[in-house]
Amino acid sequence: MDYQPGEIEEIWRKYWVENEVYKTLNDSSKPKYYVLDMFPYPSGAGLHVGHPLGYIASDIFARYKRLQGYNVLHPMGYDAFGLPAEQYAIQTGVHPSVSTNQNINFYRKQLDNLGFSFDWDRTVNTSDPKYYKWTQAIFLKLFGHYYNNSTNKAESIDDLILVFQNEGNINVHAANTQDTVFSANEWMNFSPAQKDEILMNYRLAYRKVGFVNWCEELGTVLANDEVKDGLSERGGYPVVKKPMRQWALRITAYAERLLQGLDSVDFSEALKTQQRNWIGKSEGAKIFFKLKDDEDVIEVFTTRPDTVFGVTFMVLAPEHELVSQITTTEQKEDVESYLAYSGSRSERDRMADVKSVTGAFTGAYAINPFNGESIPVWIADYVLIGYGTGAIMAVPGGDERDERFARHFGIDIIQVVDQSAYKGASISDKVGEMINSDFLNGMVVTEAIKMAISKIEALKIGQGKVNYRLRDANFSRQRYWGEPFPIKYDKDGVSFAETDLPLELPLLNNYKPTSDGKAPLARAADWCNDGLYTREIDTMPGFAGSSWYFLRYMDPHNNSEPFSKESVNYWKDVDLYVGGAEHAVGHLMYSRFWHKFMYDLGMVPTREPYKKLVNQGMLQGVIEFLYLLKEKQGGKSVFVSADELNNYDGEEFAHIPVHIDYVTDYGTENSYLNSEGIEQFKKWRPDYDNALFITNKNGQLITKSEIGKISKRYFNVVNPDDVIREYGTDCFRMYEMFLGPLKDSKPWDTKGIVGVSKFLRKFWSLFYDQDKKWLLTDNNPSGEELKILHTAIKKVNQDIENFSFNTCVAHFMVATNELKKIKCAKINVLKPLIILMAPFAPFITEQLWHDMGEMGSVHNYSNYPEHDEKYLVEDTIDYPVCINGKKRAIATFEINATKQVIEEYALGLEEIKKWIDGRPVRKVIIVPKRMVNIVI
RNA sequence: GCCCGGAUGGUGGAACUGGUAGACACGCAGGACUUAAAAUCCUGUUCCCGUUGAGGGAGUGCGGGUUCGAUUCCCGCUCCGGGCACCA
């Protein structure tokens, strides 16, 4: 007997292509279901075993939904703009589109190997001008709209201009960057450049000078979520704050809707919390503090306006615009040296040391509007220019950081909240009773906050305000390999939309920034300047193309619009989105924002793009290290077996990663290099050709195993193609699912795969006997067989609905073992189910199962078997009987089906009573499970 | 520091809304087949005591609690993983 997955799978692959089995149509009477994967960036390294994890899960679900009679959209594409292709181009001169296309072809080959049911006819590539034409078009829509806070939606900037012409901006309630009031008359007299500047304050895609994350090494600006610990996420280079003129998207206009929308979607609570924190809504008030010797006022935001009587100083961020203006001559030196100090501190330094207290006194005083007290104004970098107003009223009696600051610099501290009645409460808990606070005295905090705000508003010194931590998204990159902005400027710098789309990237032969620090596109001189206009030379960031790609799949070949109304009205939104949790605040926020914008424009019918999101965990790898003595001995490198290290007390060792192929029993405690492995290692690393290897008494060089990333630099990459060659696609897919719960991170370990391989062979042997004779018959299945089938249907159903694919595999194994036990040879009852997990498993057979009759129906996806409770009949079930909590005996009852269990218990009660031997029964508790409880 | 998760055999992991803990698989041990090995198949496998056969006791990170009954619920810890981090 012989199960040859390779042959079988090849036949099916061909069949799928020739018959366009997975082609999905937009017009169907069936209900729609949209299963989406996060599309990959096609890197040069190809796929490793970790990548397909989520794709396999979503593929199972897509197949499941097809069998249930849905018209399923299940596409795949490529997020193809990005830094690696550009860096590769800088190194090799190969144009990014060339290397990207090579990588895409390689990815496609690998993906095809995995048996997915993608409709490849719908694939997208974000770097294809046919695609980014529409990314640019949507950008222009953002550019051409502003956010009207009165109607709570995006509206045309042309309408806003009309308002300006008629009445200025006095009545305009719009999301904007800067408040400057002007009249209709003033508007009419502004120059085109001034108008352009003002409109930029309102546009949803706009230009502004702001502090950005500048990475010198990469020569570009990075988004906040591309910076980790003050270093660039890609490459790990230092990132500094730098003022630059940049494009940005006004995502803050949608902050409240992005927050509210979370209540209507099915994401994990953890992920929703992450997004909520990122949006960071806080309610409070803005208050204006007059300065003692200056016309200007300091605007602060606080969540605790009730503590205003406890303000003993104010702090401005070092970058605050008033700093130089208000600093007195005596304090000038202090302030300037502090500015020099804080300016020299990188983001990273500041984060590394949050404990140390630094700051400088400006010499200026502000006036507390509530009690007229003079309060000193300081600067310190614990106040951030990017949050709130970049200035705070400091209440050392309440806020921990303010208190540290006050103690350090000897500033007064006034207690204003009495929390003695609330044990363990912190000031942020907003509990306690107001003291030392004039008219607020005796109030509880929540009440005092309300009272303070109404007083502030009555005095016209501020107002209640909701503040968000969310920042506008920086949308400029000084790179080549991204979407060019369809924007041009006239000689006065007035911006115009470029409507002839796509605006294609010009060809370059050098992709580096210019010597004077301009973005690479500046090298295409003709492209940048046509005599009348100059072009924008920044390009869009990676999240541009990925913010709407799922909509393009609905109508991928449309040349006149990004997607047709009919297609989006049919497919509507993504029912299931599967991908990694690392995109929790980046891609997911941006695409939700774009979607809401498009909803405002009537382009899409739903408020949210993704109904349900499932995060798959990371597949980790095993990293194997050798111990290398840091100091050579006698001019030779020395490797020491892990169990011989105690002979080298006081010596220091380096950890040298070794290719896992050379290691015996890799991933276990006792993994080691044998003599052959050592030879392979030497051949692989000729620099260690004459090294000494101190092995243990068994001649083994024990290695150190760690769980970590799968990565080329740890030499632990396992290519799915290799696994598939050995075990087949079905086996690979099932094993990946069998490894553990989808959302958990877990290490890849090839060893266990033989269990799944055995299962598939066993399953195969339900079709054939030892002489490879066909066993399947058309006879009706027996009751016993039907019971196994319907139990399996029930379990598998539940498993898939719960995304519990590891138990799903287990339940297939149970069913197969049972069928094997009863030597079921009449019909392969698992046939319709198994293709969910193992799409090739219906196995090629005698005349293709009567010339595709049987198999055809399976692949037409129209017959998911309903589970039928009546086949699960039990003859008798033994129930333990519990008396006063002590298990006493087994009573046997006949039951029919789960729903009737309780009645059956009732019937059996007389039996129990008899059995209890005449003792009075006080209470009988019937649990519709397994136990009968009797209290005497 | 704050916010989320999590802890079950030698290993990965099951256990529905509280109801026979350890499904399924790996590994290991023994056996069958074989001249032999590999492959395959069968049996056993939570731990401890006992063992011819039984049988008994303990047990889901630790300490308490609720309950006839707790891996599951509550309180207090320990450890591990992930995310955020001077957010006023």
Side-chain angles (χ1 to χ4, degrees), chain A residues 1 229 268-274 276-278 280-282 284 300-305 307 314-315 317 350-351 353-357 380-384 386-395 398-402 404-405 426-428 467-471 581-582 584-585 615 617-618 665 667-669 734-735 738-741 743-747 749-759 761-762 765 770 795 798-799 802 804 806-817 878-880 882-887 890 898 923 925 927-936:
Chain A
M1 75 168 250
D229 298 331
S268 73
E269 250 343 280
L271 195 129
K272 284 188 186 180
T273 310
Q274 244 185 85
R276 286 191 188 109
N277 290 342
W278 195 256
K281 180 180 185 174
S282 55
V300 302
F301 172 76
T302 177
T303 57
R304 298 297 303 270
T307 62
M314 304 198 67
V315 186
R350 273 172 65 161
M351 285 183 199
D353 121 82
V354 293
K355 284 279 175 289
S356 70
V357 179
D381 65 6
Y382 81 89
V383 174
L384 309 171
Y387 181 77
T389 61
I392 62 160
M393 56 177 228
V395 186
D399 186 276
E400 195 191 318
R401 291 152 306 164
D402 294 348
R404 261 205 319 265
F405 194 86
S426 84
I427 197 78
S428 58
N467 202 43
Y468 298 92
R469 191 170 67 185
L470 186 69
R471 303 262 63 85
E582 66 272 20
V585 288
N615 292 121
M618 290 257 282
D665 289 342
T668 66
E669 236 171 86
M734 286 193 106
Y735 182 57
F738 188 61
L739 276 174
K743 50 192 169 309
D744 289 6
S745 286
K746 60 241 159 193
D749 177 3
T750 314
K751 280 199 294 295
I753 200 170
V754 299
V756 177
S757 183
K758 273 190 216 165
F759 156 74
R761 270 195 295 258
K762 210 182 286 178
S765 73
Q770 268 116 339
K795 294 260 161 94
Q798 283 168 358
D799 292 334
N802 296 328
S804 177
N806 55 331
T807 55
C808 189
V809 175
H811 288 134
F812 276 120
M813 290 177 173
V814 171
T816 304
N817 287 340
D878 288 342
Y879 285 91
C882 222
I883 299 174
N884 282 352
K886 277 272 181 191
K887 207 198 289 179
I890 304 282
T898 39
K923 200 159 101 185
I925 305 161
V927 184
K929 288 275 163 113
R930 288 205 174 85
M931 200 79 82
V932 181
N933 295 293
I934 298 165
V935 182
I936 301 172

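Numbers restart at 1 for each chain; the letters A, B, ... are given by sequence-line order, proteins then strands.
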Between rG13(B) (P) and Asp799(A) (CG): distance, integer Å: 17 Å
Under 4.0 angstrom between Lys795(A) side-chain N/O and rC16(B) OP1 or OP2: no
Distance, P atom - from rG18(B) to rC68(B), rounded to whole angstrom: 16 Å
Distance test, side-chain N/O of Tyr387(A) to OP1/OP2 of rA88(B), below 4.0 Å: yes
Pairwise 5' ranking along RNA chain B for Met393(A) and Gly740(A), keeping only the more 5' one: Gly740(A)
Nucleotide rG83(B), atom P - distance to CD of Glu582(A) in whole Å: 10 Å
Presence of salt bridge, Arg401(A) and Asp399(A), under 4.0 angstrom: yes
Spacing of Asp402(A) atom CG and Met314(A) atom CE [to the nearest 0.5 Å]: 11.0 Å
Sugar-phosphate, base or nothing in reach of Pro741(A), heavy atoms under 4.0 Å: sugar-phosphate
Lys758(A) NZ - rC24(B) P separation (whole Å): 14 Å
Side-chain N,O (Asn806(A)) to OP1/OP2 (rA14(B)) below 4.0 Å: yes
Pairwise 5' ranking along RNA chain B for Met813(A) and Ser804(A), keeping only the more 5' one: Ser804(A)
Euclidean distance, Lys758(A) NZ relative to Met813(A) CE, rounded to 0.5 Å: 10.0 Å
Distance test, side-chain N/O of Arg761(A) to OP1/OP2 of rU40(B), below 4.0 Å: yes
Candidate pair Tyr382(A) and Arg404(A), rule side-chain contact (heavy atoms from CB on, under 4.5 Å), full reasoning: CA-CA 11 Å; Tyr382(A) 81 89; Arg404(A) 261 205 319 265; over 6 Å; no
Arg469(A) side-chain N/O to rA88(B) phosphate OP1/OP2 under 4.0 Å: no
Sugar-phosphate only, base, or nothing, as touched by Asn277(A) at under 4.0 Å among non-hydrogen atoms: nothing
Identity of whatever pairs with rA7(B) - Watson-Crick or G-U, under 3.5 angstrom: rU78(B)
Sugar-phosphate, base or nothing in reach of Asn817(A), heavy atoms under 4.0 Å: sugar-phosphate
